[in-house]
Amino acid sequence: MSKTSPPSAEVVPCCPPLTERPMTAEEAETAARMFKALSDPVRLRLFSAVASHAGGEACVCDISDVGVSQPTVSHHLKKLKEAGLLLSERRGTWVYYSVAPSVLAAMGQILTTAPAAA
């Protein structure tokens, strides 16, 4: 079974480091969508649970204990998928989530200092 992914399966860092140059409007929209999705504490906990889970993926049944109802967990996971942060794959009755390739590196790159010009 294949994982569902954002429209572009190719992983390209969304944005340059903040210190490199001003972001374009498109880069700012992309970065804001990712960070906005993580600005909710429940979403951040779910994202962290998936990212830190053994094997790089987690069944929804293993990460849903975040203090909210199952429908609310599903809503938050959907928002993380829409922001391009998570991928999902249905296996029987369960859905497994994984962090989209290089999302952590791309998000970290935005917050790093640009390399010094040579």
Q) Side-chain contact, heavy-atom cut-off 4.5 Å: Leu85 with Met107? A) yes
Q: Check whether any side-chain heavy atom of Tyr97 lies under 4.5 Å from a side-chain heavy atom of Leu87, and answer yes or no.
A: no
Q: Using a 4.5 Å cut-off on heavy atoms from C-beta on, say whether the side chain of Arg33 contacts that of Lys79.
A: no
(Q) Strictly distance-based, threshold 3.5 Å: is any side-chain N or O of Ser48 a donor or acceptor partner for the main-chain N or O of Leu44? (A) no
Q.
So, taking the atom named SG in Cys59 and the one named CH2 in Trp94, what distance separates them when rounded to the nearest 0.5 Å?
A. 5.5 Å
Q: Indicate the atoms forming the closest heavy-atom contact of Ser98 with Val50, along with that distance.
A: CA-CG1, 3.6 Å
**Q.** Note, Val60 side chain near Tyr96 side chain (heavy atom, < 4.5 Å)
**A.** no
Q. Is the shortest heavy-atom distance from the side chain of Val68 to the side chain of Val73 under 4.5 Å?
A. yes
Q. Which atom pair, heavy atoms only, marks the closest approach of Met23 to Ala31?
A. CE-CB, 4.0 Å
Q) Do we see a donor-acceptor contact under 3.5 Å between the side chains of Thr30 and Glu26? A) no
(Q) Is there a side-chain contact between Asp40 and His76 in this structure, where contact means two heavy atoms from C-beta onward sitting under 4.5 Å apart? (A) yes
Q: State, yes or no, whether a side-chain contact exists between Leu80 and Leu38 at a heavy-atom distance under 4.5 Å.
A: yes
Q. To the nearest 0.5 Å, how far apart are CD in Gln70 and CG in Leu77?
A. 8.0 Å
Q: Kindly indicate whether the side chain of Asp62, heavy atoms from C-beta on, has any atom under 4.5 Å from the side chain of His53.
A: yes
Q | Residues Lys36 and Glu29 bridged, charged N to O under 4.0 Å | A | no
**Q.** Interatomic distance, Glu57 atom CD to Ile63 atom CD1 [nearest 0.5 angstrom]
**A.** 11.0 Å
